[in-house]
Structures are given as structure tokens and as C-alpha cells.
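Here is the naming used below: chain letters follow the sequence lines, and residue numbers restart at 1 for every chain. Just so it is clear, the structure is predicted and the values come from calculations on it, not from any experiment. Keep in mind that the numbers below use all heavy atoms, side chains included, and drop hydrogens, waters and symmetry copies.
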Amino acid sequence: MFQKEQQLIEDKIKEFCQANDIALAELKWQSIPFAGEWGFSTSFFQTAANEAKRGKGAQVPVPQKAQEIAKQVRGQIGSVEGIGHIEAVKGYLNVYFKTSDYARRVVDETLASGADFGRGAPKAETVMVEYAQPNTHHSFHIGHARNTILGESLARLVEFAGFKTIRASYPGDLGLGVITVMWIYDKFYKGQEPEGVHERGQWLLKLYAEATAMLEKKENETPEETAKREGYEAERREMYRKWDAGDPSVRELWKTTRDWSLEELRDILAMLDVNIDVWFYESEVDEPSKSIVDELIQKGIAEDERADGGPVIVKIDEKLGLAKEKYRTAVVLRNDGTSLYLTKDLALAKVKFEQYHVDRSIYVVDFRQSLHFQQAFKILEMWGFPQAEKCYHLSYGYVTLPEGAMSARRGRVALFKEVYAEAARRVLAVEAEKSGNIPAGEREKIASQIGLGALVYSMLSVDNNKDIVFNIDEALSFDGRTGPYIQNAHVRANSILKKSNVTSQTSDVGRSTFDYDLTKQEIELIEQMSQFPQKVQQAAEEYRPLVMAAYAYELANAFHSFYHAVPVLQTGDENVKTARLRLVAAAKQVIANALRLLDIQAPDVM
RNA sequence: GCCCCCGUAGCUCAAUGGACAGAGCAACUGCCUUCUAAGCAGGAGGUUGUGGGUUCGAAUCCCGCCGGGGGCGCCA
């Protein structure tokens with residue numbers, strides 16, 4: 001936001017150092033950690049170290065030398081438009097803005113840009129973010145929710161940072177797990193169908209758990225039990241074979257049950273305000289992936305061991321001549337000719353780049369699949385796929401329950417839908433006592449916004465590579481560093497504006513000059529607001545919604561402090577009141593923008 | 001055996017080469033006849049798992065060790 005001044009000073013520093021034969025290191029600008037005044041700073045430690053290496057002032061310790069240089073530089077800069085004063089402290093050069101100018105610029109720019117405040121300049125690249133890849137014939141649990149929330153927030157960040165963005169979902173609609181559910185349904189539950197989208201979806205999960213129990217080898221099985229289990233297993237394999245061969249009745253059963261799951265998935269994505277642009281399905285890349293395997297065999301990359309009862313494999317390490325195992329050997333086709341997860345990802349990459357013309361492809365998938373993606377991307381490279389290096393696996397930690405890993409087979413899962421309902425229930429209980437003024441009809445909607453805000457924030461305020469132990473009381477907490485805390489700041493800002501008959505949309509409350517003595521709370525708030533654009537870029541570049549989540553809290557925190565300490569409507573001075581109203585409108589806007597990037601709703605009342 | 005991730009306050013997490021390692025929760029002290037107390041203000045809490053190394057400077061980078069988790073030929 002203040003590149004012009006920064007550039008000007010940078011030029012002056014360079015000029016000075018050149019004239020005085022000082023080996024200036026690259027200038028890294030950062031904000032000054034102390035609150036109270038705005039500015040930016042740079043240090044001269046590296047430059048001082050450079051000088052020491054050249055034998056100049058070798059006796060002087062680096063920090064002291066850095067301070068000397070900072071002092072000299074400071075003396076040379078003179079006055080710069082918009083800059084109040086400049087200090088040399090502890091080896092740093094601190095450049096301070098004129099308070100009233102800075103405040104006015106931040107507030108004016110925020111109100112002028114509105115929902116676009118912080119948006120990055122358009123960039124030429126198109127980025128595809130693939131997330132929301134639950135398996136069908138299961139139900140959507142809290143682990144899928146983390147994946148979806150992370151992917152959605154990332155997509156919003158990348159898009160807002162200026163990239164053309166395509167959101168892709170890739171449900172796993174085939175494989176042994178899917179067939180397992182179909183097998184038990186066909187054998188024991190044929191014709192049954194629970195009422196309700198979610199009931200039906202969740203029922204399939206129960207069938208899966210039941211089927212797995214039947215098919216699992218038990219200790220101390222009687223010969224009869226073993227025979228029965230082996231019979232079931234043969235039936236399941238046979239069904240898979242029939243699916244693969246395109247048997248009409250099996251395909252029909254598959255289509256029906258698959259739709260049940262997909263309906264549930266679409267409903268959940270709507271709750272999360274996720275709008276997928278492109279739907280890929282494993283079943284659609286199944287056939288194309290097999291021809292890729294043929295090609296791999298022809299090119300001598302893959303080895304076909306099917307004649308000896310083996311699968312088709314790629315000995316990646318061996319082909320690359322690696323001494324240590326790294327990529328290992330990957331199976332790309334079963335001995336019965338059916339494809340695998342890995343096989344399908346080869347075909348999917350091709351579709352993404354060739355059909356959708358993306359420049360970069362991000363796969364949001366938990367860290368346990370790291371080897372899978374390393375293998376997939378490496379095989380693509382060996383195959384001669386030029387965009388292999390543009391594929392990036394965004395790995396994140398997985399979600400477990402306090403009692404251990406979630407397990408669909410054991411029926412030990414925290415279903416998203418149930419957590420969501422519980423969240424809304426808890427908010428409603430709080431609303432009953434605190435929000436008497438909200439009409440009953442509106443309360444429910446707000447309750448789900450706040451409840452979801454808590455849940456979403458708890459997922460995004462942990463860095464990607466950290467596992468989450470899902471504790472419902474912590475995830476749905478409304479106090480402290482939480483989603484509702486940030487939403488509440490938005491609500492309070494709105495409350496002031498409402499009482500003054502000003503909204504952020506009609507921000508026309510007259511011009512303001514901020515030429516009075518600003519309180520430290522106002523200064524801190526404006527400081528936070530001004531950082532939003534760079535936080536957007538950082539979060540998008542690092543693929544880390546956490547950066548935005550942490551920022552949103554800091555911003556809300558600054559607003560709450562301001563709200564408490566600084567009167568707005570009660571201010572006597574009209575000029576001050578006008579300026580503060582504009583500040584509140586601007587702050588509300590930035591909070592809303594930040595929440596939007598986190599896929600959290602910003603209600604006006606709560 | 002090989003590879004990946006994690007280890008920071010009692011607990012959950014920030015800080016990714018720079019200024020005194022910061023928040024929240026829990027516990028403690030104050031603040032609602034004043035724009036919503038889902039809030040604010042304050043004190044307390046640390047040998048950043050451990051031993052070396054690189055650097056003017058390391059929670060951060062490199063090597064070793066310890067502890068926890070995950071992955072490693074026909075699951076997804």
C-alpha cells in the first residue's frame with residue numbers, strides 16, 4: 001500500500017551506500033514491531049557483516065556497526081513526502097508515516113475498494129485446486145470437512161490473490177470399498193431405501209461397517225464360518241469383475257447407490273458454501289487410465305507380470321538408478337486388469353492440463369498419501385508428461401478423535417452433519433439468553449452461521465501439516481480465539497453503523513481528516529487493516545489459510561479493543577465522530593473480507 | 001531396513017534467518033444505569049525434546065540422538 005515511499009527511501013539508501021563505498025546487502029522491508037506509530041523498517045546487520053568481511057571496521061561488533069550505518073543513512077535521507085520522521089534504532093532504520101495522512105489513506109482506500117479491498121492484481125496463471133474427494137458409499141465425516149474447508153479457503157485465497165482459479169472435486173466412486181457396500185446391499189437389503197438425503201447417505205456407511213465385519217477374518221473361526229466368509233469374499237470379487245466388465249445389473253445398482261452419496265455430498269457442500277466448478281469421478285478416468293498403462297508398457301517404463309499371475313508394475317527407483325529406496329515400486333494395474341487409485345491419477349492429470357488448460361494443479365490430500373503422489377508425479381515425468389512438475393501435493397495432517405483414528409468399519413466416526421447440528425444447537429442456547437432482540441425466525445439461520453464459523457475456524461487456525469485431535473467442545477467454543485469472536489467484531493461494527501444510520505455500503509459520511517490525536521486503539525486498528533493485502537498474498541503464496549486465520553483474529557482483536565476504549569457516537573467533536581464512523585465502516589469491510597476468505601459468514605447481528 | 005511429518009507456557013496452537021519467543025484455554029485480579037460482556041484491561045506462566053555445527057544473529061538452516069505419528073507391490 002505504501003510502495004512508493006518505500007521505493008523512494010530505498011533509492012536514497014542505495015545512492016548513499018554507493019557514494020560511500022558501503023557493501024549494501026539486499027534490503028528487506030518489514031513493519032516495525034512496536035505499536036503506537038506506523039512505519040516500515042529495514043536492518044543493516046547483513047550490510048555490517050559484509051563490511052566486516054571486507055576488513056573495514058573489523059574490531060567493531062556487527063550490531064554496533066549496523067547501528068552506525070543506520071545512523072549515517074538516516075542523516076542522509078532528508079525529508080520525504082508523507083513521512084513524518086526517521087529513526088536509527090539497534091541497527092534498524094525505522095521510517096514513520098505522518099499519522100493523519102496514513103490513517104486517511106488506509107480508510108479511504110478500504111472504503112473505495114469495498115469487497116475488493118486487498119484483491120491482488122490479475123495474474124496470467126490458471127490454478128486448479130482439487131479437494132473434496134470423499135468416497136461415495138460412505139458418509140461425510142469431520143476429516144472430509146477439514147479437507148473441504150482447507151481446499152475452499154485456499155481456492156478463495158488464490159483467486160483473491162489474482163489467479164484464475166478452478167475448483168475441482170474428485171469423489172472416489174469406485175474401488176473395492178464401493179463394491180463392498182453394493183455387495184451387502186444386493187445380498188441382504190435389496191430394495192430398501194431410507195427417507196431423506198442424509199439418512200440414506202449415512203445408512204450406506206452402516207452397511208459398509210456391517211459388510212466389513214462379515215468379510216473380516218476372525219480368530220478361532222469354525223470351518224463353517226471360514227467357508228461362509230470365503231464365499232462372501234468370492235461374491236464380492238465377482239461383483240467387482242462384473243462391474244469392470246460393464247454388467248448392466250451391477251452397473252445399475254452402482255448408479256443408484258452412487259447417486260445417494262453424491263446427493264448427500266452436494267447438500268453438504270452447499271452448507272459449506274462450496275461451489276465446485278468441475279466434477280471428476282474415478283469411474284470416468286478408469287478406462288483412459290488403462291490405455292496409459294499400455295503406453296507405459298510399450299515404452300518400457302512399466303513391466304507386465306500378468307503372464308506369471310502378477311500385476312503391471314513400475315520399478316521407479318530402479319529405472320531412475322537410485323541407490324536408496326525412495327519412490328519404490330508402484331503397481332499400476334492389478335493382475336485381473338482392473339485399475340488402481342494411482343492409475344487413475346495418471347489419467348486425471350492429463351485431463352486437468354489438456355482439457356482444462358490449467359498452469360498449476362494443487363492436490364489437497366492428507367499427508368498419508370505423500371508417497372502415492374510422489375509416485376504418480378514421477379511416473380508422469382518418466383512417461384514424458386511435461387506438466388508433471390506443475391503438480392503439487394498440498395499435504396495436511398489428518399483428523400482423529402480423542403479415542404483414536406476414525407474408522408468407518410468400526411462405525412467410529414464424527415459425521416459432519418451431526419457436528420453441524422450440534423454446533424447450531426449450542427449457539428441457539430446462547431442466543432436464547434443473549435440475543436433476545438433477534439426474531440426467532442432469523443435466529444436459526446444465524447445459529448448455523450455462528451456454529452459453522454466456530455467449526456471452520458478451528459480447522460483453519462491450525463497449520464496444514466499438523467494433525468487435529470477433534471474435540472467437539474474445543475471446536476465449538478465461542479470464546480477467545482474463535483470464529484465467533486471475529487464474527488462478533490463484525491456485528492459490533494455493524495451495530496454502531498446501524499445506530500448512526502450509516503452502512504458500509506453507503507460509506508458516504510463525509511470526508512474525514514484524522515487530524516486529531518488518535519488513540520492507540522485507533523492506531524492499532526488501522527495498522528491491522530493496512531496489512532490485509534499483504535496477508536492475502538502471503539497466504540496464497542504459501543498455500544496457508546492459517547495465515548489469514550491468524551490475521552483475522554488480530555484484526556478482530558484490534559477492533560474489540562477499539563470498540564471498548566474509543567467512543568464513536570458519543571463523541572462531541574463532529575470531525576472526530578465522522579472520522580471514527582468511517583474507520584468503523586472500513587474495519588467492518590476488512591473483517592468481512594477476511595472472513596469471506598476463510599469461508600466463514602459475516603452476520604450483521606448475533 | 002528406507003522415506004515423510006511432528007516435538008515451543010499445565011493444555012491447544014502462533015512465530016520459517018532479525019528488535020523483549022506471542023495468543024487462546026485453564027487458574028488469578030478488576031470492568032456492564034455509557035455504541036451488544038460471544039467483550040475489554042491486568043498480573044502470572046519458557047533451558048523452544050536433546051547434543052553438536054553453520055551464521056554478526058537460530059524455535060527457524062545442516063548433522064547426530066531421543067520421543068510420538070504416518071507410509072513402504074496388486075486399499076483409496
Side-chain angles (χ1 to χ4, degrees), chain A residues 28 30 32-34 41 43 45-46 48-50 52-53 61-66 89-92 94 133 135 172 174-178 282 305-306 310-315 317 324-336 338 340-342 344 365-372 374-375 395 397-398 400 405 427 430-431 434-435 437 450 454 458 461-463 465-469 471 474 477-482 484-485 487-489 491-500 521 542 546-547 549-550 553-554 557 560-571 584 605-606:
Chain A
K28 285 179 279 186
Q30 52 183 322
I32 305 168
F34 301 109
S41 72
S43 73
F45 297 112
Q46 191 59 54
N50 291 350
K53 273 180 205 147
V62 165
Q64 195 181 325
K65 179 73 187 165
V89 182
K90 295 180 185 171
Y92 289 82
N94 294 339
Q133 314 99 327
N135 291 332
L174 79 103
L176 200 57
V178 171
E282 284 192 26
E305 298 181 336
R306 278 176 292 184
V312 180
I313 59 172
V314 179
K315 294 180 177 170
D317 287 336
K324 269 193 191 171
E325 346 171 49
K326 180 168 183 190
Y327 299 99
R328 324 232 166 200
T329 295
V331 175
V332 290
L333 206 65
R334 290 194 184 90
N335 64 349
D336 64 4
T338 54
L340 292 122
Y341 182 44
L342 179 62
K344 285 169 273 209
V365 182
D366 87 63
F367 77 99
R368 287 173 296 186
Q369 262 107 84
S370 296
L371 179 61
H372 161 79
Q374 282 183 30
Q375 290 180 329
S395 142
Y398 67 123
T400 60
V427 181
V430 177
E431 280 187 342
K434 299 192 180 186
S435 316
N437 51 335
I450 305 296
S458 78
S461 57
V462 177
D463 214 345
N465 54 10
K466 280 233 164 74
D467 294 341
I468 293 179
V469 177
N471 177 320
E474 283 171 21
S477 164
F478 310 138
D479 301 322
R481 202 177 186 288
T482 65
Y485 176 93
Q487 290 171 312
N488 187 230
V491 164
R492 287 176 134 189
N494 182 66
S495 173
I496 294 175
L497 298 175
K498 202 167 56 186
K499 292 215 166 159
S500 73
Q521 287 85 0
E542 297 177 358
L546 164 72
V547 169
Y553 173 76
E554 294 298 327
N557 183 235
H560 279 302
S561 296
F562 162 83
Y563 179 89
H564 180 262
V566 184
V568 179
L569 300 175
Q570 278 89 354
T571 308
V584 170
V605 288
M606 67 189 271

**OP:** Could you give the distance separating rC62(B) and rG43(B) at their P atoms, to the nearest angstrom?
**Re:** 38 Å

Subject >> Bracket string, RNA chain B, 5' to 3' - pairs by Watson-Crick or G-U geometry under 3.5 Å, | interstrand >> reply: (((((((..((((....[...))))..((((.......))))......(((((..]....))))))))))))....

**OP:** Check every strand shown and say whether Val491(A) touches a base, only sugar-phosphate, or nothing at a heavy-atom separation below 4.0 Å.
**Re:** base

Subject >> Among rA38(B), rG70(B), rC6(B), the one nearest Met606(A) by side-chain distance >> reply: rA38(B)

**OP:** Starting from C1' on rA15(B), measure out to CD on Gln30(A) and report it in whole angstrom.
**Re:** 13 Å

**OP:** Kindly say if Lys466(A) contacts the phosphate of rA14(B), meaning a side-chain N or O under 4.0 Å from OP1 or OP2.
**Re:** yes

Original post:
Start at the 5' end of RNA chain B and walk down; is the nucleotide closest to Ile450(A) or to Leu569(A) reached first?
Top reply: Leu569(A)

Subject >> Separation of the C1' atoms in rU54(B) and rC5(B), to the nearest angstrom >> reply: 24 Å

Subject >> Separation of atom CG in Asp479(A) from atom P in rA38(B), rounded to whole Å >> reply: 9 Å

Original post:
Is any side-chain N or O of Asn557(A) closer than 4.0 Å to OP1 or OP2 of rC40(B)?
Top reply: yes

Subject >> Spacing between Tyr398(A) atom OH and rC5(B) atom P, to the nearest angstrom >> reply: 16 Å

Original post:
How are the rings of Tyr341(A) and His372(A) set to each other: parallel, tilted or perpendicular (split at 30° and 60°)?
Top reply: parallel

Original post:
Among rG39(B), rG24(B), rA38(B), which is the nearest nucleotide to the side chain of Arg492(A)?
Top reply: rG39(B)

**OP:** Select base, sugar-phosphate, or nothing to describe what Ala48(A) touches, counting heavy atoms under 4.0 Å on all strands.
**Re:** nothing

Original post:
Over how many whole Å does the gap from Gln374(A) atom CD to rC2(B) atom P extend?
Top reply: 17 Å

Subject >> Separation of rC3(B) P from Phe367(A) CZ (nearest whole Å) >> reply: 17 Å

**OP:** Could you work out the separation of rA58(B) and rU48(B) based on their P atoms and round it to a whole Å?
**Re:** 12 Å

Original post:
How is Val365(A) classified with respect to the nucleic acid when contacts are heavy atoms under 4.0 Å: base, sugar-phosphate, or nothing?
Top reply: nothing

Original post:
Given the P atoms of rG39(B) and rC25(B), what is the spacing between them in whole Å?
Top reply: 8 Å

Subject >> Distance-only donor-acceptor test, Ser41(A) side-chain atoms vs rA19(B) base atoms, 3.5 Å >> reply: yes

**OP:** Could you please name the option among rC6(B), rC40(B), rG24(B) that lies closest to any side-chain atom of His560(A)?
**Re:** rC40(B)

Original post:
Under 4.0 angstrom, heavy atoms only, what part of the nucleic acid is Val605(A) near: base, sugar-phosphate, or nothing?
Top reply: base

Original post:
Closest to the Tyr485(A) side chain: rC35(B), rG70(B), rG39(B)?
Top reply: rG39(B)

Original post:
Quantified in whole Å, what is the C1' atom distance between nucleotide rG73(B) and nucleotide rU55(B)?
Top reply: 46 Å

Original post:
How would you label the contact of Glu431(A) with the nucleic acid (heavy atoms, under 4.0 Å): base, sugar-phosphate, or nothing?
Top reply: base

Subject >> Summary of protein contacts for nucleotides 71-76 of chain B, nucleotide by nucleotide, where a base hit scores B, a sugar-phosphate-only hit scores S (4.0 Å, heavy atoms) >> reply: BBBBSB

Original post:
With rounding to whole Å, what would you report as the distance between rA15(B) and rC6(B) at their P atoms?
Top reply: 12 Å

Original post:
Closer than 4.0 Å, any side-chain N/O of Ser43(A) to the OP1 or OP2 of rA19(B)?
Top reply: no

Subject >> Of the listed nucleotides rA38(B), rC2(B), rA14(B), the one nearest the side chain of Lys324(A) >> reply: rC2(B)

Subject >> Asp467(A) CG - rG67(B) P separation (whole Å) >> reply: 20 Å

Original post:
Counting any heavy atom closer than 4.0 Å, what does Val332(A) reach on the DNA or RNA strands: base, sugar-phosphate only, or nothing?
Top reply: nothing

**OP:** Figure out the CG/C1' separation between Asn465(A) and rC13(B), and round it to whole Å.
**Re:** 12 Å

Output one line per pair: protein atom, nucleotide atom from nucleotides 28-34 of chain B, and distance, for all N/O pairs under 3.5 Å.
from: rU34(B); atom 1: O2'; to: Gln570(A); atom 2: NE2; distance (Å): 2.9

Original post:
Within this structure, what is the OH-to-C1' distance between Tyr553(A) and rG22(B), rounded to whole angstrom?
Top reply: 11 Å

Original post:
rA14(B), rC40(B), rG39(B): which one has an atom nearest the side-chain heavy atoms of Leu546(A)?
Top reply: rA14(B)

Original post:
Can Asp336(A) and Arg334(A) be counted as an ion pair, charged N to O under 4.0 angstrom?
Top reply: no

Original post:
Taking for each residue the nucleotide of RNA chain B bearing the nearest heavy atom, is the 5' side occupied by Val547(A) or by Ser370(A)?
Top reply: Ser370(A)

